[in-house]
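Notes to accompany the following structure.
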Amino acid sequence: MSPKQKQRLILVSLLVVGLGVGIGLVLMALNENINLFFTPSQVVAGEVPPEQRFRIGGMVTMGSVEKLDGELTVLFKLNDSVKEVQLKYAGILPDLFREGQGIVAEGKLNEEGVFVADQVLAKHDENYMPPEVEHALKTSGGDYYDNEAIE
Amino acid sequence: MNTRNPFIAMLFRDLRIAFRQRAEIMLPVIFFVVVVSLFPLAISPDPTVLKSIGPGVIWIAALLSILLSLQSLFRSDFSDGSMEQILLSPFPGSLLMLARIVAQWCVTGLPLIIISPLLGLLLHLDAHVIWVLFISLLLGVPYLNMVGAIGVALTIGLRQAGALLSLLVLPLYVPVLIFGSNAVISASNDLPYNGQLLWLAALLVIATTLSPFVISFALRVSCSYR
Amino acid sequence: MSVKDKVWLWFHRMASPAYFYKLAGQLLPWCIVATIILMLVGLVGGLVFAPADYQQGDGFRIIYVHVPAAWMSMFVYMVMAVNSAIFLIWHIKLSDIVARSSAIIGASFTFLALVTGSIWGKPMWGTWWVWDARLTSELLLLFLYLGYIGLRSAIDDRRVAGKAGSILALVGAINIPIIHYSVVWWNTLHQAPSVSKFDNPSIEINMLVPLLCMAIAFKLFYLCILLINSRSELLEQEKRSNWVKELVTSS
Amino acid sequence: MISSTLGDNSKLQVDNVSYEINDKLIINGMSFSVKSGEMLFIEGSNGSGKTTLLRILSGLMQADEGQITWNGKSIEEDRIEFNQQLTYLGHSTGVKAELSTLENINFFSSLSGLPQRESSQAAIEWVGLQGYEDSPGRHLSYGQQRRIALTRLLMEPSQLWVLDEPFAGLDKKMIGALELRFKEHVDNGGLLVLTSHQHIELDQVNTSRLQLG
């Protein structure tokens, strides 16, 4: 092998190794699930290490929101249409917090398996549809689409 | 040291040159420290505030001081004609440029990484958070050097290179800034940060593999303009 | 003649400036007419016939400009990057012209997407600007475009500007997915996910048709500008060649 | 002084090369060739494109049209082999201000990628820089810096020399030594392309001249 070919071979193999390692690391990073909210199913299955703060994301279960009298504390359930987790939050809920909406809460699980949130994030929904469609959904889907904000 | 290995020869030449202009190589580190110490003055000396903005502040200051140090990369090589000789050597330009950037990292990036725990203390970060900060900078700063060098190679020889360089390079720095500072923030919130660090490592490996080729090609292009 | 040869022949003919100049000249009027028609259909459909949104009322109608502009901003960068690669590998000048003309159009579309996005944001979010993933990536994309334009205009020599710009466009193209991913991820950390229970399409059909019309109209508009720019650039670059001399003397 | 043969069948061929700067054709369809044992002397007034032509020949710049081949292969295509055989000296010396004479010379030699013909010390003596071995480049005059660059002509065993104004900033004695070295190089089968404002004449050297501008 001439020195030139040898040089080229070394360069190409370095390139291949570098890209291989890089892609491997990307795959590992994607596996780490840094989207960082656990679903209620994962929480129920005990995938979250105990005593650790984490984020939980899901839909607020219809009719599950109850306010404790005289306090700011709110109890509600979060589901991913498979499993449900009870949440407890003391504080002012965001305006866009609605039953049936997706939210993310940050906090810890307590001993009884209730998630005590210290932060709740909500987002407007991204569906664009005309009022008639919305009405149709409302009537057919029963109480799924209750747009009243929780006061 | 006299060696026949061009990579080592290039690395030692640049390190030697850098250590003979000590004042110049200290500037980015001093800039780093000064910028970070301005934030408590401008925002608040309250430890809880500093704790929450600390990771971002240190990362932005690191990014800016690397950007500052890039201004002198390749400039003297370009003006004294040694760049022509480097481009006309029978060795792959990518290898020589890698040596050039490793040297640059040793004199600008490394001191900054080493001093960062101290700044973490100044901003009241906890010990384990400082550790994550250190690792994130160790993985992220070489990336800033690598990708920054592409921008330098493209703008070298232009009159208004400085401002243009920032415009070219800063959008490319965004992912590292996000993952780097977020790893530290996650650590300070007791959240997992492995994913972010893995991303930093991945970006570093890919940049180290590809950018030497881009840099040497870009320098060839820039040098053909006189 | 094999298929491969035919493709190569076509490639070479397209790359021949004289042939391209003629073809572009014939194509241009059709393009302009089609752009105008589609844009009118899209606008009328979107502003008059499409129903109002259930949450946002008539305010949502800005999507007929915003969404196509945002799509274009990415599409044009892709075109620019592909042409930059072609220019670097095969040294086809036409590709460089396409890349260069694309930059300004792409930057304008990106700017338009940002402005309309922020106008839309005012009624929706109550502020002119939110650090929403889409707006933030769009902003970074604008910076990438501006860097490309800045670099090209800072270099006097056309050949060097072409090569340096192409390198930058490709580096940017590699980085765009990473930038986009990191911004989206960063954003989801700060906002709730949009978890939808319903499998209904998130956009109604008579809202969608005008939107698609507008998207195609924007693409054709881009093509028109590209054709006009390429024609004039070609004349400038090839001014010493015979076909340009013939063109000038015959007219 | 050692004199090894460099081979006698190499050829640098320039075919129909054109280059324009700011819409002005500086080099217009130029063709010529240089073979082993030949010297090409490029003459021309300021701005006639001498430097541009040399930079194109060395591969630093790409011609707009035409091509340059080294032993039948395009220099773009086989750059490593071509660069091994090339010594290019431009206007700028490539001498680093922070490095000493010896360090500069050693760096050039590790960059050339071929075994040294002569020791660094012999090269320093040849250009008359004894006593300046450890002086940093910034303490040296322009002429002395040029001499450092010229040591490469003694140390690198390359075949093709492309020299832009090699006599600039040198005294008579050094010019004489350089002319001697040129003759030796060409006699050994080397190729030499150079520009100069001064008119030089080498005895018994196969010289062709190219007038630019």
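Source: prediction; values computed, not measured. Letters go in sequence order (proteins before strands), and every chain restarts at 1.
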Indicate the atoms forming the closest heavy-atom contact of [X] with [Y], along with that distance.
X	Y	value
G22(A)	A202(B)	O-CB, 3.7 Å
A29(A)	G195(B)	CB-O, 3.9 Å
L14(A)	T209(B)	O-CG2, 4.1 Å

Between CG on residue L210(B) and CG on residue L19(A), distance to nearest 0.5 Å: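 If we round to the nearest 0.5 Å, L210(B):CG and L19(A):CG are 5.0 Å apart.
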Distance, nearest 0.5 Å, that separates CG of L25(A) from CG of L197(B):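 CG of L197(B) is found 11.5 Å from CG of L25(A).
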Minimum side-chain heavy-atom gap V21(A)-I206(B) below 4.5 Å: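 Heavy-atom side-chain distance check fails, nothing below 4.5 Å.
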From CA spacing to verdict: side-chain contact (heavy atoms from CB on, under 4.5 Å), W199(B), L30(A): CA-CA 8 Å; W199(B) 266 107; L30(A) 286 172; 3.9 Å; yes
Contact leader toward chain A among P90(B), A201(B), P92(B), where contacts are heavy-atom pairs under 4.5 Å: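 Among the listed options, the one with the most contacts to chain A is P92(B).
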